[in-house]
2 protein chains.
Amino acid sequence: MADKYVVSPLAPPEGFPVLPLIKGVRLATATAGIKYSRTDVMLATINPVSAVAGVFTQSSTRSAAVIDCERKLHKIADSENSLPEEIAVLVNSGNANAFTGRAGEDAVKEVSCQTAKLLGLDENSVFTASTGVIGEPLAFGKITRVLAELKNNLSENNLKDAGQAIMTTDTFPKGAGTVVDFSDKPVAISGIAKGSGMIAPDMATMLAYVFTDANIDQATLQSMVSELTEITFNSVSVDGDTSTSDTFMVAATGLAGNKKIVDQETSDARKFKAGLQSVMMSLAQQIARDGEGATKFVEISVVGAENNSDAKKVAKSIANSPLVKTAISGEDPNWGRVVMAVGKSGAKADRDLLAIGFGNILVAENGQVADSYKEELGQDYMKRQEILITVDLGLGKGSSRFWTCDFSHGYISINADYRS
Amino acid sequence: MADKYVVSPLAPPEGFPVLPLIKGVRLATATAGIKYSRTDVMLATINPVSAVAGVFTQSSTRSAAVIDCERKLHKIADSENSLPEEIAVLVNSGNANAFTGRAGEDAVKEVSCQTAKLLGLDENSVFTASTGVIGEPLAFGKITRVLAELKNNLSENNLKDAGQAIMTTDTFPKGAGTVVDFSDKPVAISGIAKGSGMIAPDMATMLAYVFTDANIDQATLQSMVSELTEITFNSVSVDGDTSTSDTFMVAATGLAGNKKIVDQETSDARKFKAGLQSVMMSLAQQIARDGEGATKFVEISVVGAENNSDAKKVAKSIANSPLVKTAISGEDPNWGRVVMAVGKSGAKADRDLLAIGFGNILVAENGQVADSYKEELGQDYMKRQEILITVDLGLGKGSSRFWTCDFSHGYISINADYRS
């Protein structure tokens, strides 16, 4: 299983990026020894708090930490005028604390309360997440034992370390950041993420945390985050499986001192949203680039659908098709499988209006292979490491972009060739 | 790619079954040389016709032959009192004639017309199907050239040959039959099928044809077939991909001489339906047993759902999860992945009411691992070639059974390790 620990060939060649510091956000990591003999716990504190937003897995078997975070976030959203002065985020890797019944809820409560006590916060201001093995009780004592150490090591300059501590069997830590020039001030956005499909024996929890010094109100940040998640984290896929613990949170300190963003309509709001989107998109694509066994990074662009929802159905159907993904792995320009995936998507499609391309190569149009298409062109194209599949349904103005990776022997090796 | 041609380890050990002859149904095969150097065309004639029913792929990119069959069947259904005296079915393997535009429609028309002319039938009484490579024009001249030979070789005793001629890269021909004792007469049902997931470079067309000498009316047969398809062919999956050409037809001669079945309520109707179900189920399961690279045959049984539709969502989500299927391939009792698949299914589920079992081993209950469960029990169980996964949602009376196979290196090899 050595290949599991080799860095993905699709990882950003420049390594972890230099991220803008976010004043008011401090991070620390520690080695709790839950499963790995490396850092496996991350603590972040955010003070002051201008706004905090989150999006969580829709799974009906979601973990205790996810349910707890949702509840606490609703509480904050419901009382916008009394935002907490400080919030904390505590994440462990190695154990997902999912499907652990009442004991799982108790573990979340215990970790939250002890963290809150140590930091002098209300328990409702501590957000936890867990990623790793499912169904095993979380030895939360190992976490609470390192809380004081974490508190002592809090520093603004620890984003890369934090990105590493939340990894399970990711092959590289994931970070992205940007600085947006507002009309009055620069505003910084920095984030980290983990996830690489569903890695045996762990669940494929996707976790992402983005911090910003923007001054923005609670409801506006949440609506931006919910909207952008749909076209970023919810538009990447490794294997179509959904974790019990997916968590994405954005916390804003307001320390940039910009005129508060209170709706999405101003020029600064649009700039901020674009910056946030670029950070979320980079993190999301890095997850696909760290897909299990991935050798190709694949973008699927669908246009001409009756509406955006139909376009996404088609893009997702292509991205999740084992046949399309194995063909890409085999460098086979098997456009017939793309036709199949369009057909099974459930979206409105007319075979005789459908056009398919690989990159700039038109492969099929009007319901049959394009006159100009030659198999050699497709074969050459599929040798690339980054593949673009385009679909034009020819029906309307709906469009969608989706990102995924190929499906190789590496995926089977990682997920089947071991005994737990 | 030698493994591609080895018979699946899950194939019925007794080989192709001895099927009851269906009087009035005659079959022949020939070698047209479309792609393979073996028999690749099958002709069946049914005379007299008591009823004919069909179910086809729901794909929006379905093939010309599928669209043609649907149209002809509607025509028959709309004029029940003037059923054709004879119908014919012509199937070729090696080329799916799918996504071939206008040329594809012309090919279907030409083959249908020439077959009709040769047999003295109306063109609307000839049903064709094609399975194999997608996107390549069908050299229909190769088919029409062997029509006379096919006609000369028609015999009641050719079901196994027919099952072989419609194979693409199936590893064994699939057949099933039964005799039902009606109150007045015995009634026979015999069928053949092909399909083994999506086999490169072919599409995974599932084709199945069932013949019976039952005397039954058109609308009753169609409604039985539609209903039973849902719990047989639509409850098996190899990779979750949907073909452009899936076709299932049932033709009844009426020669058994039984009192005509005109509704589903009589004792004979229920017996016939049970017999038809057993034949359809056997054919459907044989397709899963011939799944690409399959080493394990998997049944998923879901009970306690709010309704049957929810139960099927859960069963299908488990059956199609690459993570569940790779775990089974690796003989890993990874029940956490079953929890994940339940959670992502979209069906109503309550984590804390959920129970999961492998065979008779209770693995998890009340939202956590069962007290009685030991990992060794699960590990031993997963070494079997036939795996049963049970899920009890604890909510209501909805249930569903679903069949699939594991996801092994063989699947990737068959679908990725070749250059077309």
Side-chain angles (χ1 to χ4, degrees), chain A residues 57 59-62 98-101 103-104 133-135 198 200-201 203 239-244 321-323 326-327 329-332 334-337 339-345 347-352 354 364 366-369 375 379 407-409 411-413 415-420, chain B residues 57 59-62 98-101 103-104 133-135 198 200-201 203 239-244 321-323 326-327 329-332 334-337 339-345 347-352 354 364 366-369 375 379 407-409 411-413 415-420:
Chain A
T57 181
S59 170
S60 60
T61 55
R62 54 197 183 281
F99 217 70
T100 45
V133 182
I134 199 170
M198 300 274 192
M203 293 298 292
D239 49 21
D241 279 334
T242 308
S243 151
T244 51
S321 162
L323 282 177
T326 48
S329 180
E331 304 192 336
D332 173 25
N334 198 324
W335 58 272
R337 295 183 180 179
V339 172
M340 174 280 301
V342 172
K344 76 162 185 169
S345 69
K348 189 173 171 193
D350 179 334
R351 191 192 58 190
D352 297 336
L354 186 59
N366 305 325
Q368 56 190 305
V369 64
E375 187 75 358
Q379 287 179 354
F407 215 177
S408 73
H409 278 289
Y411 183 88
I412 303 286
S413 294
N415 284 299
D417 292 354
Y418 82 96
R419 298 290 303 112
S420 56
Chain B
T57 180
S59 169
S60 61
T61 54
R62 55 197 182 283
F99 218 69
T100 45
V133 182
I134 199 172
M198 300 271 191
M203 293 299 291
D239 49 20
D241 278 335
T242 308
S243 151
T244 51
S321 160
L323 282 176
T326 48
S329 178
E331 303 191 337
D332 174 24
N334 198 324
W335 57 273
R337 295 184 181 179
V339 172
M340 175 280 301
V342 173
K344 77 162 184 169
S345 68
K348 190 174 171 191
D350 180 333
R351 189 192 59 190
D352 296 337
L354 188 58
N366 304 325
Q368 56 190 304
V369 67
E375 186 74 359
Q379 286 178 356
F407 215 176
S408 72
H409 278 288
Y411 183 87
I412 303 287
S413 293
N415 284 298
D417 293 355
Y418 82 96
R419 297 292 300 115
S420 56

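Sequence lines set the chain letters: A, B, ... in the order given, protein chains first and strands last, and positions in each chain run from 1.
By the side-chain contact (heavy atoms from CB on, under 4.5 Å) test, Asp350(B) is found to be paired with Asp352(B), Leu353(B), Leu395(B), residues two or more places apart in sequence or in another chain being considered. Scanning for side-chain contact (heavy atoms from CB on, under 4.5 Å) contacts around Ala347(B) gives Asp310(B), Lys313(B), Val314(B), Ser345(B), with sequence neighbours left out.
Contact record, Phe99(A) with Ala364(B): CE2-CB, 3.6 Å, taken as the closest heavy-atom pair. For the residue pair Pro322(B) and Phe407(A), the shortest heavy atom distance occurs at CB-CZ, 4.0 Å.
Arg351(B) places a side-chain N or O within donor-acceptor distance of the main-chain N or O of Arg62(A), the cut-off being under 3.5 Å.
Using cut-offs of 30° and 60° for the angle between ring planes, the His409(A) and His409(B) rings count as parallel.
For the atom pair CD1 (Ile134(B)) and CZ (Arg337(A)), the distance works out to 10.5 Å, reported to the nearest 0.5 Å.
For the set Leu354(A), Val342(A), Asn366(A), the count of heavy-atom pairs under 4.5 angstrom toward chain B peaks at Leu354(A).
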